[in-house]
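See structure below.
Residue numbers count from 1 along this sequence. Hydrogens, waters and symmetry mates are skipped; everything else that's a heavy atom, side chains included, is used.
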Amino acid sequence: MTLPPIYINTPADLLPAESVATFPVNTFLENLAIAPSGDIYITNHEIGEVVKLAPDNSLTVYAKLSGKVSGIAWVAPNRLLINGWNNSGVPFVAIVSNGEVEFLLTLPDAIFLNGITPLTAHRYLMADSYRGAIWAFDVATKTVELWLEHPLLARSDQTSAFPAANGLKRFGQTLYVSNTQQMLLLQIPLDEALNPQEPKILIQGTNIDDFAFDHQGNLYGATHVYNSVIRIDCNGNTTIVAQADQGVTGCTAVAFSGTDLYVINNGGMFLPPATGIEPAQVVRLAAGVSGASLLFED
């Protein structure tokens, strides 16, 4: 597969990087959520595990389920919301607490649940990468509704294996969504009741999987098959801040802890580099700026 050279003229300003954990080759780390204690909880997609990486860099399997696990987000201290497919291939949402998995419900009308982010303290948005939609899950009532379905959230080629709507984060009164297959970064304005308005394209020709904001509004995105982490500043300018030599080959997601940005990857499983698939890693980038809150007061 030949990729379009969308970042060939993008300037680089690499951040100091340190690998803090390594996994065997063919480990697909998909998403992460970081606790105030510094513990990092990571979804190991293909084998249905949630892995805990402690601040002393020790790794343990925190929870395991039959199926695959994708998105992960905090809903309360010691309670993580996850999604994926159960062992029958049906999309689900579940709570993980104290290492135990509590399945809440299945979504037979969903196809590929992916990134999760809070809209409010109890409503969580989930990207559906193959349906081209966003679902809203209420952790208080344990109910789900189709929040938005739109061509800009979908694949332009239904045969493509690349996900469409993928990462999503709220920043102020706007939801930002990456459509990886269409190489778009989208903005979805929110009205006063936090209902979605018409999506619009913010940036074209960028390949973002999951992403995070710093408190200044700069976006840091994992480019997955482009083996780099980019920063898009508030004026829309893109800079490469990490690349394959720093251990981010096949990077899938990023998250802030303090002024550090943590990056997880799959070593290039989706599109192996010429030298072969690498061990998956967790890489810490010294961003030097704190991350934005995932939850905004309304």
Side-chain angles (χ1 to χ4, degrees), residues 1 3 7 17 19-34 40-53 59 68-73 80 82-85 112-117 126-130 160-169 176-181 183-185 206-213 219-232 240-244 246-257 260-273 277-285 291 294:
M1 180 188 302
L3 299 172
Y7 298 120
S19 177
V20 295
T22 302
F23 294 76
V25 169
N26 288 324
T27 301
F28 200 120
L29 304 179
E30 173 62 19
N31 219 312
L32 73 166
I34 305 179
I40 303 175
Y41 295 82
I42 305 165
T43 56
N44 189 343
H45 177 66
E46 296 287 346
I47 60 174
E49 287 183 351
V50 176
V51 179
K52 176 182 174 181
L53 172 62
L59 283 168
K68 296 184 178 182
V69 61
S70 298
I72 187 168
L80 290 155
I82 61 171
N83 63 28
W85 294 273
F112 180 178
L113 297 179
N114 204 326
I116 308 175
T117 200
M126 301 185 293
D128 190 332
S129 295
Y130 281 177
S160 172
F162 283 85
N166 198 335
L168 67 177
K169 295 289 183 301
Y176 292 78
V177 183
S178 59
N179 182 325
T180 310
Q181 193 273 331
M183 294 187 171
L184 300 174
L185 178 64
T206 193
N207 195 89
I208 298 175
D209 191 320
D210 198 10
F211 58 90
F213 283 101
L219 182 150
Y220 295 74
T223 67
H224 200 158
V225 293
Y226 282 86
N227 306 324
S228 61
V229 177
I230 58 173
R231 179 179 59 231
I232 301 176
I240 295 170
V241 298
Q243 52 195 14
Q246 294 169 288
V248 300
T249 298
C251 53
T252 53
V254 300
F256 275 95
S257 178
D260 290 329
L261 184 72
Y262 286 84
V263 186
I264 61 170
N265 71 354
N266 59 29
M269 286 176 64
F270 200 92
L271 183 61
I277 300 173
E278 302 169 3
Q281 297 185 61
V282 181
V283 176
R284 178 170 55 222
L285 302 179
L294 294 175

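Shortest non-hydrogen contact noted between A21 and L59 is CB-CD1, 4.1 Å. When all heavy atoms are compared, the tightest approach of L219 to L185 is CD1-CD2, 3.9 Å. A pairwise comparison of heavy atoms in A165 and A127 identifies O-CB, 3.7 Å as the closest pair. Minimum interatomic distance between N207 and M183 (heavy atoms only, all atoms of both residues): OD1-CE, 3.7 Å. Between P279 and V25 the shortest heavy-atom distance is N-CG2, 3.7 Å. The two residues I264 and N31 make their nearest non-hydrogen contact at CD1-N, 3.3 Å.
Rounding to the nearest 0.5 angstrom, the gap separating the OG1 atom in T206 from the OH atom in Y226 is 9.0 Å. T117 contributes atom OG1, which lies 8.0 Å from atom CZ of F211 (distance to the nearest 0.5 angstrom). Atom-to-atom distance recorded for E30:CD and N83:CG is 9.0 Å, nearest 0.5 angstrom. Rounded to the nearest 0.5 angstrom, I208 CD1 and N179 CG are separated by 11.0 Å. Atom OH of Y220 and atom CD1 of I232 lie 11.5 Å apart (nearest 0.5 Å). Here the CD atom belonging to E278 is positioned 13.0 Å from the OG1 atom belonging to T27, to the nearest 0.5 angstrom.
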Which is it for L113 and S70 under the side-chain contact (heavy atoms from CB on, under 4.5 Å) test, yes or no, and what are the steps along the way?
CA-CA 7 Å; L113 297 179; S70 298; 6.0 Å; no
Under the criterion side-chain contact (heavy atoms from CB on, under 4.5 Å), I'd like the reasoning laid out for V51 against F23: C-alpha separation, chi angles, the key distance, then a yes or no.
CA-CA 11 Å; V51 179; F23 294 76; 4.1 Å; yes
Worked check of side-chain contact (heavy atoms from CB on, under 4.5 Å) between Q243 and N227
CA-CA 6 Å; Q243 52 195 14; N227 306 324; over 6 Å; no
Test side-chain contact (heavy atoms from CB on, under 4.5 Å) on S257 and I40 and set out the steps.
CA-CA 9 Å; S257 178; I40 303 175; over 6 Å; no
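Looking at T249, its side chain never comes within 3.5 Å of a backbone N or O of G268 through a donor-acceptor pair. Of the possible polar contacts, none joining the T43 side chain to the G71 backbone as a donor-acceptor pair under 3.5 Å is found. S178 places a side-chain N or O within donor-acceptor distance of the main-chain N or O of D209, the cut-off being under 3.5 Å. Between the side chain of N265 and the main chain of Q281, a donor-acceptor pair closer than 3.5 Å is present. Side-chain atoms of H45 come within 3.5 Å of backbone atoms of V69 as a donor-acceptor pair (strictly under, hydrogens ignored). With hydrogens and angles ignored, the 3.5 Å screen pairs no side-chain donor or acceptor of S19 with any backbone N or O of V283.
A centroid separation of 6.0 Å or more is found between the aromatic rings of F28 and F270.
Side chains of N266 and L29 form no contact here, defined as non-hydrogen atoms less than 4.5 Å apart. I34 has its side chain out of reach of F256: every pair of non-hydrogen atoms, C-beta onward, lies at least 4.5 Å apart. Side-chain contact between V229 and L261 is present, with heavy atoms from C-beta onward closer than 4.5 Å.
With sequence neighbours excluded, the residues satisfying ring pair (Phe, Tyr, Trp, His ring centres under 6.0 Å) with F112 are W85, Y130.
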